[in-house]
Amino acid sequence: MTRAILIVLDSVGCGGAQDAHLYGDTGADTLGHIALACTEGRGDREGLRSGPLALPNLVRLGLAHACEASTGKPLAGGAKPAIPEGRHGYGVEKSQGKDTPSGHWEIAGCPVSFAWGYFTALENSFPSALVAAIIREGDLPGILGNRHASGTAIIDELAAEHIETGKPICYTSVDSVLQIAAHEEHFGLERLYALCRTVRLLVDPLRIGRVIARPFTGTADSGYTRTGNRKDFAIPPPDETILDRLAARGRTVITVGKIGDIFAHRATGEEIKPFGNAAMFDAALAAWERLPDGGFCFVNLVDFDTEFGHRRDVPGYAAALEAFDAMLPRLEAALKPGDLAIITADHGNDPTWPGTDHTREHVPILAFGPGIAPAPIGRRESFADIAAKLGHWLGLGAVGPGKAW
C-alpha cells in the first residue's frame with residue numbers, strides 16, 4: 001500500500017481570494033507581503049535574519065509558481081525554476097470564514113456549509129446571559145476582559161488582576177472563538193481545562209467554533225508567557241472526513257500538533273503534541289519512520305500563526321518560514337516509493353495587515369514524492385481537492401466533494 005503525509009503550515013496563505021472583500025481583506029497576501037517586506041529591509045532583525053526571503057526548497061517544489069498563479073504577481077526576492085520538482089497550485093476556500101476549523105475540515109474533505117456564530121461587539125463582546133452562565137457554571141467570582149483583544153496584550157494588561165481576584169481572562173476576535181487565559185499555578189491548568197469544557201457546552205447553541213484554553217506563567221516582574229499547554233475545544237466536523245474514512249478502514253493515523261483538538265479528537269488516531277514548529281517537525285518525522293503501509297500522518301505547524309502572524313511580526317514569520325524550508329530536505333529523504341507528501345495551509349494571517357486577525361486568502365498546495373512527476377495542478381476550486389487526492393492515493397475511494405488532480 002501507499003502512505004501519505006499532509007503538513008499544514010498554519011496561516012501561510014498566498015493571497016488572491018476573490019471574496020476577500022467580504023472579510024475586509026482585499027489585497028491581503030501573507031507570503032507575498034512577507035517576501036516583499038524582506039526585499040525592502042522590513043524583514044531584517046539583528047541576530048535573527050536579514051535580506052530577501054530565502055525558501056530554496058519550497059520554491060524548488062513550486063511555491064513561487066503557486067503564489068504567482070494565485071495573485072498574478074511574482075514572489076519577490078528570488079528567481080523561480082523553469083520547471084518545479086513538485087506538483088504545485090493553490091486552493092480556494094469554499095467554507096465561510098477564515099479560521100482554523102473550517103480550513104482544516106475542508107482540507108480533510110468536509111467544507112463548512114453553515115454560518116459560524118461570532119461575537120462581533122468589540123467591547124462587552126459576550127452576551128450577558130452567557131457571562132452569567134460562565135460565572136455560575138464555572139463557580140467563578142467573575143471574568144475579566146470580555147472584548148476583542150490580542151492574546152499576549154490582554155494577558156500583559158490583566159494578568160495581575162487575574163492572579164489577585166481569581167477571575168479568568170476571557171476574550172475573542174473576528175474568528176468564531178472564545179478564548180480563556182489563566183495562570184497555570186494560581187488558577188490551575190486542569191481547572192482551566194475543566195472551565196473550557198463547561199464553556200464549550202454553553203456556546204454550542206451559538207455555533208461558536210472553538211473554546212481555547214490559553215494558559216500562561218510568570219510574574220509582574222518577570223513578565224508573563226503563554227505556555228505550550230494550549231488546548232482547543234472544538235465542535236466536531238458535521239460530516240465525514242478523510243480521518244473518519246481511514247478509521248473505518250482500520251488504517252493507522254498519526255496526528256501531530258493541534259490536529260486532535262481541531263477535529264474534536266474524532267478519528268485522530270495517535271495524537272502527538274509537542275511545543276514549537278521544530279519539535280513538531282521532528283515528531284512528525286519520527287512518526288513517519290514507523291508509519292505502516294496504508295497509513296496517514298496529519299501535521300499542523302502552528303507557530304507561523306500564533307507566534308508571528310497574530311503578533312504582526314514580519315521578521316519572525318520570515319525566519320520561521322526559512323527554518324521550515326531548511327528542515328524540508330529531511331522529509332524528502334525519508335520518502336520512499338509509494339509515499340506522497342502534501343504541504344498546504346488553512347487560511348492566511350498577513351503580518352503586514354492591519355489588526356491581529358486571520359486574513360481570507362488562497363492557500364498554496366505542493367505535492368511531491370518519489371516517482372511523482374512534476375506538473376502544475378492549477379486553481380483548485382476547494383481545499384477539499386486535497387482530501388480527494390489523498391483518498392485516491394490511499395485507496396479509500398472518493399472522500400468529500402473535492403476533485404483529485
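As the structure is a prediction and not an experimental result, all values here were calculated from the model. Residue numbers run from 1 in the order of the sequence given.
- In this structure, H104 has no ring-ring contact (aromatic ring centres under 6.0 Å, His included) partners at least two apart in sequence or on a different chain.
- Remark: the backbone N or O of G218 is not paired with any side-chain donor or acceptor of S222 at under 3.5 angstrom.
- Of all heavy-atom pairs between D261 and D232, the closest is OD2-N, 3.0 Å.
- Once rounded to the nearest 0.5 Å, the distance linking OG1 of T268 with CD1 of I262 reads 10.5 Å.
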Residue pair D10, K258: steps toward the side chain to side chain contact (heavy atoms under 4.5 Å, CB included) verdict: CA-CA 10 Å; D10 202 304; K258 64 177 185 176; 3.3 Å; yes
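- Between H358 and H310, the closest side-chain pair of non-hydrogen atoms falls below 4.5 Å.
- When all heavy atoms of T252 and P292 are compared, the pair lying nearest together is OG1-CG, 3.3 Å.
- With salt bridges taken as basic N to acidic carboxylate O contacts below 4.0 Å, one links E157 and R147.
- In this structure, NE2 on H148 lies 10.0 Å from OG1 on T356, to the nearest 0.5 angstrom.
- Side-chain contact check for R210 versus T100: some heavy-atom pair is nearer than 4.5 Å.
- Distance check, rounded to the nearest 0.5 Å: CG of L55 to CG of L328 gives 10.0 Å.
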Any chance you could lay out the side chain to side chain contact (heavy atoms under 4.5 Å, CB included) test for I343 and L58, step after step, and finish with the verdict? CA-CA 9 Å; I343 296 173; L58 287 165; 4.2 Å; yes
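- Between E270 and R290 there is a salt bridge, since a side-chain N of the basic residue sits under 4.0 Å from a carboxylate O of the acidic one.
- For the pair T359/Y23, no side-chain contact is recorded, criterion being any heavy-atom separation below 4.5 Å from C-beta on.
- Side-chain contact between D357 and S173 is present, with at least one heavy-atom pair separated by less than 4.5 Å.
- Of the N and O atoms on the side chains of D25 and W353, at least one donor lies less than 3.5 Å from an acceptor on the other residue.
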Determine whether T352 and R312 satisfy the following criterion, side chain to side chain contact (heavy atoms under 4.5 Å, CB included), listing intermediate values before the conclusion. CA-CA 6 Å; T352 72; R312 296 303 187 247; over 6 Å; no
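- Judged by distance alone, with hydrogens and angles left aside, the side-chain atoms of R380 form no donor-acceptor pair with the main-chain N or O of V92 at under 3.5 Å.
- The main-chain N or O of S125 is found under 3.5 Å from a side-chain atom of N146 such that the two form a donor-acceptor pair.
- Looking at V314, D303, L321 one by one, the single match for side-chain contact (heavy atoms from CB on, under 4.5 Å) with F308 turns out to be D303.
- One finds a salt bridge joining R360 and E93 here, because a Lys/Arg side-chain nitrogen approaches an Asp/Glu carboxylate oxygen to under 4.0 Å.
- Here the side chains of L331 and F281 are in contact, with some heavy-atom distance below 4.5 Å.
- Formation of a donor-acceptor pair under 3.5 Å by the H162 side chain with backbone atoms of K167 is found in this model.
- Between the side chain of T198 and the backbone N or O of A194, at least one donor-acceptor pair lies under 3.5 Å.
- Ring geometry for F298 against F296 counts as tilted: the plane angle lies between 30° and 60°, on a 0 to 90° scale.
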Apply side-chain hydrogen bond (donor to acceptor under 3.5 Å, both in side chains) to residues T227 and E184 and explain how you reach the verdict. CA-CA 9 Å; T227 74; E184 285 194 358; 2.6 Å; yes
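- For the residue pair G77 and P52, the shortest heavy atom distance occurs at O-CB, 3.7 Å.
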Check step by step if side-chain hydrogen bond (donor to acceptor under 3.5 Å, both in side chains) holds for S382 and E106. CA-CA 8 Å; S382 171; E106 186 167 332; 2.9 Å; yes
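- Remark: the backbone N or O of H347 is not paired with any side-chain donor or acceptor of H362 at under 3.5 angstrom.
- Checking side-chain atoms of H88 against main-chain N and O of G86 turns up a donor-acceptor pair under 3.5 Å.
- Using a 4.0 Å cut-off between charged nitrogen and carboxylate oxygen, E68 and K73 do not count as a salt-bridge pair.
- Side-chain N or O atoms of T172 include one that pairs as donor or acceptor with a backbone N or O of V177 at under 3.5 Å.
- The backbone N or O of P315 lies less than 3.5 Å from no partner atom in the side chain of R49, so there is not a single donor-acceptor pair.
- By the ring-ring contact (aromatic ring centres under 6.0 Å, His included) test, F368 pairs with no residue at all, sequence neighbours left out.
- Taking CG of L178 as the start and CG of L130 as the end, the distance is 6.5 Å to the nearest 0.5 Å.
- Looking only at distances, a side-chain donor or acceptor of N57 sits under 3.5 Å from a matching main-chain atom of D325.
- Counting only heavy atoms from C-beta outward, the side chains of I107 and V8 approach each other to under 4.5 Å.
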Assess whether side chain to side chain contact (heavy atoms under 4.5 Å, CB included) is satisfied between I212 and R230, documenting all intermediate values. CA-CA 7 Å; I212 304 179; R230 163 186 170 161; 3.8 Å; yes
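- Taking the ring axis of W393 as reference, the NZ or CZ atom of R3 does not stay both within 45° of it and closer than 6.0 Å to the ring centre.
- Side-chain contact annotation: T30 with E361, donor-acceptor N/O pair under 3.5 Å present.
- In this pair, W105 and W116 present their aromatic rings tilted. The plane angle is within the 30 to 60° band.
- Between R379 and E381 there is a salt bridge, with a side-chain nitrogen of the basic residue lying less than 4.0 Å from a carboxylate oxygen of the acidic one.
- Nearest heavy-atom pair across G138 and L195 is CA-CD1, 4.0 Å.
- Contact of the I272 side chain with the M280 side chain is not registered, since no non-hydrogen atoms from C-beta on lie closer than 4.5 Å.
- How far CD1 of I143 is from SG of C170: 4.5 Å, rounded to the nearest 0.5 Å.
- Between R200 and D204 there is a salt bridge, since at least one side-chain N of the basic residue sits less than 4.0 Å from a carboxylate O of the acidic one.
- Contact check for P238 versus S113: no side-chain heavy atoms found under the 4.5 Å cut-off.
- Scanning both residues, N349 and Y317, for their nearest heavy atoms gives O-CE1, 3.7 Å.
- Within 6.0 Å of the NE2 atom in H392, the count of heavy atoms belonging to other residues, nucleotides or ligands does not exceed 12.
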Take E185 and T217, measure what side-chain hydrogen bond (donor to acceptor under 3.5 Å, both in side chains) needs, and give me the verdict at the end. CA-CA 7 Å; E185 298 167 7; T217 58; over 6 Å; no
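- Cation-pi geometry between R266 and F263 is not met: the NZ or CZ atom fails to fall both under 6.0 Å from the ring centre and inside 45° of the normal.
- Aromatic ring orientation, F304 versus F324: perpendicular (interplanar angle above 60°, classes split at 30° and 60°).
- With rounding to the nearest 0.5 angstrom, the CG atom of D29 is 7.0 Å from the OG atom of S70.
- In this structure, F216 and Y224 have perpendicular ring planes: the angle between them is above 60°, well past the 30° mark.
- Shown here for F383 and D346, the closest heavy-atom pair between the two residues is CE2-O, 3.6 Å.
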